[in-house]
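The first residue of the sequence shown is numbered 1, and numbering continues consecutively from there.
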Amino acid sequence: MGYILNFLLIAIIVLWVIRLLVRMIFPAVIRNAFGNMQNQAQQQQQRPRRPEGTISIDYMPQKEKKKGNADKLGDFVDYEEVK
């Protein structure tokens, strides 16, 4: 019977300590996360505005190289479909 009471006492103390730590640490973590999000939002808003009509390309995909030479592919012949 003594072991059960010992276990319960230790479990209650451990849970109480965890509860206190969560109450102290969790708000600090949340504050830090919200602060980071606010900083990111401010940085996005502070981008320099470009005058209207200017074009900027951030990403340009690589062009695929065609195999062979265009002259070696043959002649193109126009045709009409006859019904």
Side-chain angles (χ1 to χ4, degrees):
M1 194 73 166
Y3 295 115
I4 294 174
L5 290 176
N6 221 3
F7 172 76
L8 288 176
L9 183 63
I10 292 173
I12 290 172
I13 291 172
V14 167
L15 291 174
W16 184 72
V17 168
I18 290 173
R19 182 176 155 204
L20 284 177
L21 288 175
V22 168
R23 281 190 176 184
M24 286 187 239
I25 295 172
F26 187 69
V29 170
I30 295 297
R31 240 182 275 122
N32 189 13
F34 279 122
N36 288 341
M37 286 193 294
Q38 283 180 342
N39 289 339
Q40 288 177 358
Q42 287 175 355
Q43 287 175 358
Q44 288 178 355
Q45 290 175 355
Q46 291 176 356
R47 282 188 183 169
R49 297 281 174 156
R50 295 185 185 104
E52 189 173 333
T54 60
I55 298 173
S56 72
I57 299 173
D58 294 333
Y59 170 74
M60 195 167 189
Q62 295 178 354
K63 294 182 180 178
E64 295 180 15
K65 293 183 180 180
K66 292 184 179 180
K67 293 182 180 178
N69 193 352
D71 295 335
K72 295 179 184 176
L73 295 177
D75 296 329
F76 180 77
V77 179
D78 287 328
Y79 68 96
E80 290 183 22
E81 191 172 323
V82 180
K83 292 184 180 185

What about I10 and I13, same hydrophobic cluster or not, with Ile/Leu/Val/Met/Phe/Trp/Tyr joined at side-chain heavy-atom distances under 4.5 Å? no

Non-neighbouring partners of [X] that pass side chain to side chain contact (heavy atoms under 4.5 Å, CB included), sequence neighbours left out:
X: R31; answer: P27, A28
X: F26; answer: V22, I30
X: I12; answer: none

Please round to the nearest 0.5 Å and tell me the distance separating atom CG of L21 and atom CH2 of W16. 10.0 Å

Hey, could you give me the CG/CE distance between N32 and M37, rounded to the nearest 0.5 Å?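 If we round to the nearest 0.5 Å, N32:CG and M37:CE are 10.5 Å apart.
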
Under a 4.5 Å cut-off applied to non-hydrogen side-chain atoms, are L5 and L9 in contact? no

